[in-house]
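We name chains A, B, ... by the order of the sequence lines, and we start the count at 1 in each one.
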4 protein chains.
Amino acid sequence: MTGAQPTTGAQTARKKRANGVESRQRILDATVEIAGERGYEGTSIAAVSAKCGLPASSIYWHFKDKDDLIAAVIERSFESWLQAVELPGADAGTPLERATLMAVGVAKSLVDAPDFLRLGLMLALERRPTEPRGRTVFLQVRDIASRRITDVVRELFPDLDDASVAVLTTYAVAGADGLFIQREVHGDAIDLLAMFELHARLVHDAAVRLTGTE
Amino acid sequence: MTGAQPTTGAQTARKKRANGVESRQRILDATVEIAGERGYEGTSIAAVSAKCGLPASSIYWHFKDKDDLIAAVIERSFESWLQAVELPGADAGTPLERATLMAVGVAKSLVDAPDFLRLGLMLALERRPTEPRGRTVFLQVRDIASRRITDVVRELFPDLDDASVAVLTTYAVAGADGLFIQREVHGDAIDLLAMFELHARLVHDAAVRLTGTE
Amino acid sequence: MTGAQPTTGAQTARKKRANGVESRQRILDATVEIAGERGYEGTSIAAVSAKCGLPASSIYWHFKDKDDLIAAVIERSFESWLQAVELPGADAGTPLERATLMAVGVAKSLVDAPDFLRLGLMLALERRPTEPRGRTVFLQVRDIASRRITDVVRELFPDLDDASVAVLTTYAVAGADGLFIQREVHGDAIDLLAMFELHARLVHDAAVRLTGTE
Amino acid sequence: MTGAQPTTGAQTARKKRANGVESRQRILDATVEIAGERGYEGTSIAAVSAKCGLPASSIYWHFKDKDDLIAAVIERSFESWLQAVELPGADAGTPLERATLMAVGVAKSLVDAPDFLRLGLMLALERRPTEPRGRTVFLQVRDIASRRITDVVRELFPDLDDASVAVLTTYAVAGADGLFIQREVHGDAIDLLAMFELHARLVHDAAVRLTGTE
DNA sequence: TATGAATGAGGTTTCATTCAT
DNA sequence: TATGAATGAAACCTCATTCAT
C-alpha cells in the first residue's frame, strides 16, 4: 500500500539527519540476511548492528527486543514474498495449466526471495518452551497462504469434499517445503521450476482421482 | 556454591560406579532433547549439563567440543532412526504395494523417532560461514538414505533413465521432509501414515507415466 | 516503533495544550513514586518516562539531568511534607502536652506523606564517591527541621545547656527516623501515633532529668 | 613452571591453584564494601570484580546472580555482626546496668561493623515490586535479633504484659536504627556510645513506668 | 573416569544523555 | 514547549572452553 519505494529515500546530501523510517529498513534488511542464514539464536544484535551500521542501542529504539525484531522480519519478508509470487489471473486455462502456472510462480518466488521460507522453517522446526513470537507470526502468515491454496483447489475441483481438499492442500504445501529444502541443500543441482511443475501435475492427478472416487 | 549441581541431593549409595558408557549416553540423551528443541546455537553446554546432571567439564571429557557433541548426536539418532524404519523385504507385491509399504515404514519411524530429522533439517537449513560438522554428517547419512531410495526406484522401475530416477528420488525425499514438517507443526491433526500412502501412490504414478513417456 | 509511547492511545482532543507546568508536575509525580520505591540508582529516566507518559527527552527539557530531577523531587516533597505537619500553636499547655502535640503532628505527616523521608533516608545512607545533589538537599532541609526541634526544646526547657539540647535534638530525630522505618517495614502493625506519643514522653522525661542534674 | 602467568591475586608462591572457598570470601569481602556504600542497584558486578580481582564470570560461578550475591552478603555480615556484639553475661547487676551494658555492646558493634545495618536499612527502605532476596534475608535476621531483645526485656521486667514488651522492643530497635543513621550522617560528631547509654536509660525508665501502671 | 574452579569473549538489554527539528 | 531518533558506555549474565586435581 505504500507504493513502491525500494530505493532508500531521496539522496539528500546530508545523511546524518535522523530518519526513523530508513533506519528501520536498514535494520530489517540486515536482520533478514543474517537470520536467514543463521536462524534465531544465531542472529546476534551485534552482528545486525555491524551489518546495518547503526549501534546496537539504536536497534532497541526501533524494536522492543530481539524477539520483536525477528517477528518484524518475518512479517516484512512475508509481504515481499507475497509480492514476488505472481498470482496468475483467475481466468484462463485447464485446471492443470492453472495449477502449473501457480506452482511455477511460487517456485520462482522461492528462488528469488528464499529468506522468508528458510528462516520461517527454521523457526517452525524449533520447539522452545517459550515460543519466539517470530514462530507464531510465521505460522500465522503461512496459514494465510495455505488458505489461498485451499481456495484455488476448491475452485479448480469444485466436486471435492472438504477432507480431500484439506489433504491436497497439506500435500501441496508439504511438497513445496520439501522441494525448497532440497534446493537449499543441493543448490543449482535442483531444477526447482521443473520439480514444481511435476509437483503441480501430481497434485492435479491426485485431485482428479479423488474426484472420481467419490 | 552454584555451578551446575551434579548429583541431585544426597549421595545415594549407588551411582559411585563411575561408568563412562552410561555417562556418555546420558549426555547424548540430554543433547538430543535440547538440540531437537533449540537447534545448534540454541544448545548450550550449560543446558545439557543441567539436563543430564553431569558438570560441563565432564561433557568435555567425553566430547572434544560442542561441534563434536552435536555430530555424535546426529550419528546416534540416525542409527536409532534406521532401526525404527522397518525395511520391507525386497520380495513380494506389485510396485505400488511395495512403495506403499516402504512409505508407511518411514512414516512410522518419523512418528516414533523424529529427533533425527527435526534436528537434521534445522542444521540443513542454516548457512553459517563455518559449517558445523553435525550438518555435514546429517547430509552424508541423508545421502545414504537417499541412495537406498534410488536403488528401490530403479529396482521397481527398471526401464527408467537415470535422470528420471534422480527426479523421482528428489521428489520422494522432498515429500517426506515436507510432510514431516507439516506433522511437526500441526501435530496429530496430520495423519502422517495416510499422507505417506498418498505420497507413495503419487510417486508411483509419476514413475509409471515417466516410463511410458520414454 | 517502540521508544516510550507518549500519549496513551488515541489523540483525545484534549492534551494539545502544551502546558509546561503540568508536564513538570507529572514528571515529578512519577519520579517521587519510583524513587521512593527504588532509590537513586534504581530510578531510571526510562521508568519515569513510562510512568508519566512523556518521552525521556522531555524530561531533559524540564530538568538538567537525573541529579537535578531527584533534587527537585526532594525539595518538592519536603515542602508538601512541611505542609502536612500541623505546627501546633506555640501557645498553650505544659511542656509534655506541647511535646506530645508536636510528636503527633509529625507522626501523622509521616503516615500521610512518607515519600520525603523514605527517599531521603535512602539517599542519606548511601556513600557514593560523587554525592548526589539530592542527598545534599535532603540533609539541608533535614537540618532546618532539626533546628526547629532545637528551638522548641530550648523554649520548653530554658534551663538546659547547649550540649544537652543537642543531645535531646539528636535523640528526638533519631527516634522519629527509627520509628518511621519500623512503620515502613511492619506497616500497620505499628501504631505510629502511639509510638510517637511514647517517644515524646521519654524525650520530655530526659529533658526534665537533665535539667535537674545540672 | 608457572612463570608466564600474570600477576593477579594472592602473594603465595603458587597462586593459580583453584581455591573455591577463598575466592568466595574475596568476592563477599568486595561486595560488602561496595554494597554497604552504594546499595543494591549501585553495586555493579563489574565493580565487585575489579575490587576482588576475579573476573565477573567467576563471580557467577559462586553465586547464581546479583540477588544471590547480595543475599549472601547480608547473611555473612549478619553473622559477623552478631559476633561483634558482646553479649553480656545474663548474670549480674540491676536492670539498668544490664540494659546499659547491652546497649553499649550494640553501639560498639555498629561502630566497628556498620556494613550490615547500613546495607540492610537501604534494602529495607526500598519497595521494589519484585523484592530482592537480600531484603527478605535482612528482615528475617533482624527479626531474630529483635526477638532476643524481647527476651531480655521480658527477663528484666517479668511483670510487663505482652503488649508493653512489644512496644518497648519496637522502641528499642527504632532508637538503635535512628541513632545509627545519625552517626552515619554526622560521623564522629555523634557520640554513639553516649547516645546508646541514654537510649538504654530511657527504655529502662519506660519499662519501669509501664510496670507500675498496670 | 571425572570435576570444581576459573576465564575471556561475547550475549542481550538498559543507561543517561544529546541534538535537530 | 516539546520530541523522535540516536548513541557510547555500561549493566547483568551466559558462552564455550581449559586446567589442575
Side-chain angles (χ1 to χ4, degrees), chain A residues 14 16-24 41 43-49 54-67 69, chain B residues 1-4 6-7 17-24 41 43-49 54-62 64-67 69, chain C residues 1-4 6-7 17-24 41 43-49 54-62 64-67 69, chain D residues 2 8-9 14 16-24 41 43-47 49 54-67 69:
Chain A
R14 62 280 300 278
K16 267 295 98 152
R17 178 106 90 266
N19 182 343
V21 182
E22 196 214 308
S23 292
R24 199 170 200 271
E41 300 263 5
T43 301
S44 80
I45 300 293
V48 173
S49 158
L54 292 167
S57 48
S58 294
I59 296 175
Y60 281 88
W61 197 89
H62 291 277
F63 303 93
K64 190 170 117 354
D65 54 18
K66 187 173 156 176
D67 222 41
L69 172 59
Chain B
M1 218 113 316
T2 287
T7 45
R17 170 126 69 270
N19 185 341
V21 179
E22 198 215 305
S23 291
R24 201 171 197 273
E41 300 262 8
T43 301
S44 78
I45 300 294
V48 173
S49 157
L54 295 167
S57 48
S58 295
I59 296 174
Y60 279 87
W61 193 90
H62 288 280
K64 188 171 132 320
D65 55 16
K66 184 175 157 178
D67 224 41
L69 171 60
Chain C
M1 218 113 312
T2 286
T7 45
R17 170 127 68 273
N19 185 341
V21 180
E22 195 214 308
S23 292
R24 200 169 197 274
E41 301 261 8
T43 301
S44 77
I45 301 293
V48 173
S49 157
L54 295 168
S57 48
S58 294
I59 297 174
Y60 278 87
W61 193 90
H62 288 280
K64 187 174 133 318
D65 55 16
K66 184 174 156 177
D67 225 40
L69 171 59
Chain D
T2 50
T8 36
R14 66 271 309 278
K16 267 291 102 151
R17 179 104 88 267
N19 184 343
V21 181
E22 196 215 308
S23 293
R24 199 170 200 273
E41 300 264 4
T43 301
S44 80
I45 300 293
S49 159
L54 291 167
S57 47
S58 294
I59 296 175
Y60 282 91
W61 197 91
H62 290 277
F63 303 93
K64 189 169 114 0
D65 55 18
K66 187 173 156 178
D67 222 42
L69 171 59

*What's the spacing between A:K66 NZ and A:Y60 OH if we round to 0.5 Å?*
8.0 Å
*Minimum-distance nucleotide (side-chain atoms of A:S57 versus F:dG4, F:dA9, F:dT14)*: F:dA9
_Ignoring hydrogens, what is the shortest heavy-atom contact between B:S23 and B:H62? Give both atom names and the distance._
CB-NE2, 3.5 Å
_For a quick test of reading the model: is some side-chain N or O of C:S58 closer than 4.0 Å to OP1 or OP2 of F:dT3?_
yes
*Say whether, by atom type as modelled, one donor and one acceptor occur between the side chain of A:S49 and the main chain of A:I45 under 3.5 angstrom.*
no
*asked:* I want to verify a distance call: between F:dT1, F:dC13, E:dT7, whose nearest atom is closest to the D:L54 side chain?
replied: E:dT7
_Along DNA chain F (nearest heavy atom to each residue), the more 5'-positioned of C:H62 and D:I45_ = C:H62
*Which nucleotide in the list E:dT12, F:dA5, E:dA16 gets nearest to the side chain of C:K66?*
E:dA16
*Atom CD in A:E41, atom OG1 in B:T43: separation rounded to 0.5 Å?*
8.5 Å
*Send over the distance from D:I59 CD1 to E:dA5 P, rounded to a whole Å.*
16 Å
_Just the rounded figure in Å: distance from P of E:dT12 to CZ of A:F63._
15 Å
*Identify whether any heavy atom of D:T43 sits under 4.0 Å from a base atom; if not, whether one sits that close to sugar-phosphate; answer base, sugar-phosphate or nothing.*
sugar-phosphate
*Mapping D:A56 and B:Y60 onto DNA chain E by nearest heavy atom, which one lands closer to the 5' end?*
B:Y60
*asked:* It should be established whether C:S23 places a side-chain nitrogen or oxygen under 4.0 Å from OP1 or OP2 of nucleotide F:dA2.
replied: yes
*Select from B:K64 and D:E41 the residue whose nearest nucleotide in DNA chain F is closer to the 5' end of that strand.*
D:E41
*Under 3.5 Å, is there an N or O donor on one side and an acceptor on the other linking the side chain of A:S44 and the base of E:dG11?*
no
_In whole Å, I'd like the distance from the CG atom of D:D65 to the P atom of F:dC15._
14 Å
*DNA chain F base-pair string [pairs: Watson-Crick or G-U under 3.5 Å; |: paired with another strand]*: .||||||||||||||||||||
_Nucleotide of F:dA9, F:dT14, E:dG4 approaching D:W61 most closely (side-chain heavy atoms)_ = E:dG4
